Every structure is written in C-alpha cells, then in structure tokens.
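Shown next, in structure tokens, is the structure this report addresses.
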Amino acid sequence: MPVIVYESVSLDFTLIFILVFVYLLAQYTYRDRDIRAYMKKFLDKAKSHFGDDGYKSQGGAFPGQQPQQQVPMQDGPSTLQPPTAAEVFRYRYHHGCNLGSVFILEKWLTGCMFHDKTDGSAELAAVERWVKEEGLDRTRERFEKHWQEYVSDADLDWLRDQGKCTTVRLPIGYFTLGPPYCEDTPFKRVSGVYQNAWAAVQQLVQRCHQRGIGVLIDLHGLPGGANAQEHSGTNSGKAELWTSRGSRDLATRCLCFIAQQASRMENIAGIQIVNEAEHNAKGMYDWYDHVLAETAKIDVTMPIYISDAWDLGAAASWSQGRNRASVNTNPVVVDTHLYWCFGDDDKRKSPQDICHEVGGKFSALDGKDGDVVTRGAAQAVVGEYSCVLAEESWAKGGGASKEDMVREFGNAQSQTFQQRAGGSFFWTYRKHPPFPQEPPQTLTQCIIGMDWMPGGEWGLKQMTDQHSILPPSSLSLSTAEIEQRTEHARSQQEGKKNETFGAHTNYWDSNHPGTYEHHRFSQGWDLGFEDAAAFFRYRSSSGGAAGADRIGMLEIWLLKRLRASGQGGKFVWEWEQGFRQGVRDFYGSVGL
C-alpha cells in the first residue's frame, strides 16, 4: 500500500506541474505578438491539411505554394493514341457563351418567367409563386416548355454559323437534377416541378452535339449557395455552402451524378463544380480536393472546372499541385470572371483605361504556365465576361462614339483571352427588355417578347454583329482552305523540324555543354505537330464542316500527352519544349 500511495502522489504532482507549465506558456504566448503569430500560422497550416470540416487535403500544396513537379525516373510504356472526338471537345479553344436563365432563372434576363406577384428575383421565388397561382402540374408544364423552347434550333444554328461558337456554358442548379436532390432543401415543396429537368438538360446537350457544339455543365446553383447572389437559386443573401457540411455533401452527390451521366456524353467539355465561390470561402480548397477524389473514381478523364473565388493567382497555384504528371486525378481548370461595370474603382476609369487594363488581367499566370514538367499545369478560362461598362465610364470616353468604344473594348478582350486563356464564355447569349407589369401568360407570348433579343453589351448576337467580339480566325476557314493550309504545313514539316531541332541542340550544347537527351525534343516535336494538325482538321475530316479548331487548353492537354507518352527521367523537359515548339510550328505553317 505505501508504494501505491507514493505513486499516486507522484502522478498528482506531475499533473499539477504540467498544468502550471501550460498555464505559464499560454500567458507568455498571449503576451508575445511574434509567438502568437507563429502559433496561428502553424495551426492554420494544420487546419488546411486536415480541413475544419474533416476533409483531408489531397495535394500537399497550400494555395500560393509552388508545387514540386515529379516525373517518373525511367521511361514507361506509351499509350498514345490520336486525339478522339471527345478530347477535341474538351481541349480545343472554347469560343462560346453562357446559356443563362434556362435552367436557373434570373429575373433581369427572363422576366416572363416571373409572375407579377413574385416576391424575389431568383428561381425559388418564381417557382413558388407559379405553384401558388396555378398549381404544381401547370407550373411543371410551364417550366418544361421554357426548358425545351427557350433555346431554339435557330438559336443553336446561329451560335454555330454566325457566332462561330465551339462550346456553350450551361448553368444549372442542384434542383435541376430532380426531386431526390431537393430533399431537406428550400426546393423540397416544389421539387415535383423538376422531375423531368435533367432529361431536358440531356436533350439540349444532344441538340448541341448534333451541331458540333460542346457543353460545359456549370453547377451554378449549389445547396446553401456558394455566394450570396440570386443566381445561386434563392434570395437568401447567404453563402451557406461553406458553413454547412450537409450542403457540401449534397453538392458532392450532385456532382457525382453529373459525372456519371456526362461520361456517356461525347460533347461534354467539362464539369464546373461551383460558380463564383465567395472570396476566401472557408474550407473551399479542402472541398475541391474532396470532389476531385470522388470524380476520379467515376471518370478521371473529365476536366473539372473550379471557381477562382476572385483570386486567380491563388487558384492557379493550387491547381498546379493537382495538375502534375505524378498525380492521377481529373485535369483541373480555373474559371475566372472578368467584369468592369460593377466596382466603384472601375466607374472612375475611362473606356480607354479599361481597354489597356485588359491585357494585364492574366499576369497572375506569369511564371505559372508554360512549364508543366517543373511547375505543373496552370490552365484558366474566362467563364463570364461582357462588353458592359458603367455609364460613368462611357461618359469619360473623350468624345468617341459609344459603338467605337464598345468595339475597342470587345476586341481587346477577344485578343487577350485567345492569347492567354483556354477559352472564354460571353455572358450571355441573350438579354431581353423588361416586360409590362402583367407578364405574358403563355410561352408563345414570352418568345415574341424575346424576339427583341440583341441584348446590347450583354448580348453575344449584337456584339458579334458589331464585330466587338471576335472569334478565332481559324473558325471562319472553309474546308478547302483547311485542306490547302494543312497540305502546305505538311510540305514544310521536315524542314521546320530540322530547323528547330538544330536551334535547340545548338543552344544547349554551345551555351551549357553537358550530357543531354535531345532525341526527346524530337519526339515531343513530332507529337505536338501531329496533335495540332489533328485538332485543325477535326471538323473537315469527320464530316466536312467548315472551321478549324486549335488546341486551346494547351497546358492540360500537354500534361495529358506527357502522362500517356511514357516519358521519364531528368530530361523530360526537352520533350515538353519539343512538344510546344511542334504546336507553334504547325500553327505558323497554317498562318495562325
């Protein structure tokens, strides 16, 4: 017994000593600002690794931290095949627009879908009022007619033939997936309206496919809201996706369903998992990692688009940690939105100032793109933009006509996006004037009202007709021109390769003598040239359609080809340089 009493006293004394030590340490830490900052930084890193909500970060790189690229140390077997139709839909330059207010309503775009007694400007307010006024069945018929007819065959023909659109971005809501995804959400009571909504999405995707148009499915409205705006589907004014584990889990289920369905649709260009995430949203990157882990189990080839949350640099850095040769996950594309009409700072600028500013909007990618082997792939697209400026800005135009200023602004955007981004989607295809207080009661009346349709600086049709928005020049080539230019490129192929291969080897052997594996440059050049040619001839060779595509999503396409090539070792960078040069040389030979 004395021994037991002694041990008990010893343990009690030790515990008291530890508690006193912890107390004194806490007091010292609280009073020392530098130690407090260090401890906060340490705890923030721990939270980023495991996630406040239990999601574990998968990539090992924090936003803004440069990942260390890894490639296999030895060559492996090659699985390279010529680009498929699905790959062309996914990796070409995306010149397109948003089909706004089809499956997720916005009152300023489609006022005819809102009863005059509607309290609110979002989808939920519209559907609830119609159900109250005319019952669920008639409301479902009204909405189904809108989904089926709002984008007509004539619209799609215009997008293909005059707009030269390769791809459309299609915003949908979680409720679009039907009643099973509306449980325990504000849409539960009206979920019956959406029982055929996903079938309508599939029909629109198929109609686009028939015209060679790709579709980026954009989960625009997420449970709880990724931002506080009405285009999340409600007028709650809250972004509760980031504070609710249940909302994020439901969003993940929605995305898994979309990924399963999209894997069977050849013309799906990608899946956007969130639209305009709230800036500095808590746990956002952890959730991104969680979604990537789930989609990789379904279809690891499908490009996944993320929101940059209004910070392109941080999102691009994060994506580099996932877009690595050694990481087997979906290719990640960063969606950024560019508007110059909302902020007070922009209202103080002249149109000329803003035109000059456009070219610098992708400076956040400087030092990130262009080197997949070392840094990983950083691929960005402009998911939304317009030609709209505030009236305060137009007034500072110095006497120039508004139409000329609009054209200068649109041209600046088109040129910049085609040089620095993998694609751009104008917001929106159509915008219509407000309706009288009493809204049209039939869709026929609604469509007649919408025939006004040019849409000003919000409308792609008017901006295209005014030559403000310019499609890539290759999209206007005839099939005869495509074949003629391809034949010319083939005639120069061997000479171009010898010229660039000689320049490469001479530079490194003369300026940095040592041991190299220059044959990798040659192999990369061959593949880059052939891939560029395959994209360029895809339409004319597969159906005789006019217009030539180019590889727009070059960073993630190069990453995909690198993984399939079996290239390994410390000189893989020569293969990448060769690939890029082969692409450039082909486009130079065809005049692009």
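Since we're looking at a predicted model, the values are computed, not measured. We use all heavy atoms of the structure for the numbers below, so side chains are in, but hydrogens, waters and symmetry mates are not.
Formation of a donor-acceptor pair under 3.5 Å by the R264 side chain with backbone atoms of Q261 is not found in this model. Remark: side-chain polar atoms of R92 are paired, donor with acceptor, to backbone N or O of T166 under 3.5 angstrom. Listed for the R90 side chain is no donor-acceptor partner under 3.5 Å among the backbone atoms of G270. S244 places no side-chain N or O within donor-acceptor distance of the main-chain N or O of E240, the cut-off being under 3.5 Å. Under the 3.5 Å distance criterion, the side-chain polar atoms of S319 are matched with a main-chain donor or acceptor of A316.
Ring pair W458/Y339 is tilted by interplanar angle, where 30° to 60° counts as tilted. Classification of the W310-H337 ring pair by plane angle, with boundaries at 30° and 60°, yields perpendicular. Using cut-offs of 30° and 60° for the angle between ring planes, the F89 and Y538 rings count as perpendicular. The aromatic rings of F529 and W525 lie parallel to each other, with less than 30° between the two planes, well short of the 60° mark. In this structure, Y516 and W508 have tilted ring planes: the angle between them lies in the 30° to 60° band. The aromatic rings of F586 and F536 sit perpendicular to each other, their planes meeting at more than 60°, with 30° as the lower class boundary.
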**Q.** Full working for salt bridge (charged side-chain N to carboxylate O under 4.0 Å, His left out) between R245 and D249
**A.** CA-CA 6 Å; R245 176 66 180 267; D249 286 346; 3.3 Å; yes

Q | side chain to side chain contact (heavy atoms under 4.5 Å, CB included) between S247 and L222, intermediate numbers included | A | CA-CA 8 Å; S247 292; L222 288 104; over 6 Å; no

Q. Going through the distances and angles, do N506 and S510 end up as a side-chain hydrogen bond (donor to acceptor under 3.5 Å, both in side chains)?
A. CA-CA 6 Å; N506 181 64; S510 300; 3.3 Å; yes

Q.
One pair to check against side-chain hydrogen bond (donor to acceptor under 3.5 Å, both in side chains): Y93 and T167. What are the steps and the verdict?
A. CA-CA 9 Å; Y93 182 82; T167 319; over 6 Å; no

Q: Take D75 and R520, measure what side chain to side chain contact (heavy atoms under 4.5 Å, CB included) needs, and give me the verdict at the end.
A: CA-CA 11 Å; D75 288 343; R520 296 187 187 276; 3.1 Å; yes

Q. How far apart are the C-alpha atoms of E555 and N323, what are their side-chain angles, what is the distance that settles it, and do they pass the side-chain hydrogen bond (donor to acceptor under 3.5 Å, both in side chains) test?
A. CA-CA 9 Å; E555 301 302 308; N323 290 335; over 6 Å; no

Q: Check the pair R580 / D371 against salt bridge (charged side-chain N to carboxylate O under 4.0 Å, His left out), numbers first and verdict last.
A: CA-CA 10 Å; R580 291 182 185 277; D371 187 354; over 6 Å; no

Q: Let me see the working for I172 and I258 under side chain to side chain contact (heavy atoms under 4.5 Å, CB included), right down to the final yes or no.
A: CA-CA 11 Å; I172 67 172; I258 295 171; 4.0 Å; yes

Q | Worked check of side-chain hydrogen bond (donor to acceptor under 3.5 Å, both in side chains) between R584 and T500 | A | CA-CA 11 Å; R584 285 193 293 268; T500 55; over 6 Å; no

Q: Determine, step by step, whether V274 and M284 satisfy the side chain to side chain contact (heavy atoms under 4.5 Å, CB included) criterion, reporting the C-alpha distance in whole Å, the side-chain angles of both residues, the deciding distance to 0.1 Å, and the verdict.
A: CA-CA 10 Å; V274 59; M284 180 182 73; over 6 Å; no

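Note that CG of D335 and CD1 of I304 are 13.0 Å apart. Values are rounded to the nearest 0.5 Å. Atom CG of N98 and atom CG of L460 lie 10.0 Å apart (nearest 0.5 Å). Q581 contributes atom CD, which lies 10.5 Å from atom NE2 of H504 (distance to the nearest 0.5 angstrom). In this structure, NE2 on H231 lies 6.0 Å from CD on E106, to the nearest 0.5 angstrom. To the nearest 0.5 Å, the span separating SG on C165 from NE2 on H94 amounts to 12.5 Å.
In this structure, G313 and K368 approach most closely via the heavy-atom pair O-CE, 3.5 Å. Nearest heavy atom pair, residue S589 against residue K496, reads OG-CE, 4.0 Å. Between C387 and G410, the shortest heavy-atom contact is SG-CA, 3.8 Å. Of all the heavy atoms in G370 and R375, the pair that sits closest is C-NH2, 4.1 Å. The minimum heavy-atom distance linking A378 with D369 is given by the pair O-CB, 3.9 Å. Among all heavy-atom pairs drawn from L527 and R561, the shortest one is CD1-NH2, 3.6 Å.
Side-chain contact check for Q567 versus Q523: some heavy-atom pair is nearer than 4.5 Å. Within the 4.5 Å cutoff, no side-chain heavy atoms of I273 are placed close to those of L219. Side chains of P331 and Y91 form a contact here, defined as non-hydrogen atoms less than 4.5 Å apart. Annotation: side chain of L338 is in contact with side chain of F417 (closest heavy-atom distance under 4.5 Å). Contact check for E357 versus W340: side-chain heavy atoms found under the 4.5 Å cut-off. In this structure, the side chains of W427 and V388 stay at 4.5 Å or more apart for every pair of heavy atoms. Two residues are said to be in side-chain contact when any heavy atoms from C-beta on lie closer than 4.5 Å; L99 and L159 meet this criterion. Looking at heavy atoms from C-beta onward, R563 lies out of side-chain contact with T79 at the 4.5 angstrom threshold.
Applying the ring pair (Phe, Tyr, Trp, His ring centres under 6.0 Å) criterion to Y305, with sequence neighbours excluded, gives no partner residue. In this structure, the salt bridge (Lys or Arg N to Asp or Glu O under 4.0 Å) partners of E87, at least two apart in sequence or on a different chain, are K560. Under the side-chain contact (heavy atoms from CB on, under 4.5 Å) criterion, P471 pairs with H95, K164, L475, not counting sequence neighbours. With sequence neighbours excluded, no residue satisfies side-chain hydrogen bond (donor to acceptor under 3.5 Å, both in side chains) with Q260. Taking E266 as the reference, nothing meets the salt bridge (Lys or Arg N to Asp or Glu O under 4.0 Å) condition, with sequence neighbours excluded. For H356, there are no ring pair (Phe, Tyr, Trp, His ring centres under 6.0 Å) partners at least two apart in sequence or on another chain.
D585 and K497 are not joined by a salt bridge, as no carboxylate oxygen comes within less than 4.0 angstrom of a charged side-chain nitrogen. Note on K349 versus D345: no salt bridge recorded, every NZ/NE/NH1/NH2 to OD/OE distance being 4.0 Å or above.
Tested against V300 for a side-chain contact (heavy atoms from CB on, under 4.5 Å), the candidates L292, T295, N328 yield a single pass: N328.
For F426 and Y385, the gap between ring centers is short of 6.0 Å. You'll find the ring centres of F535 and W557 inside the 6.0 Å limit.
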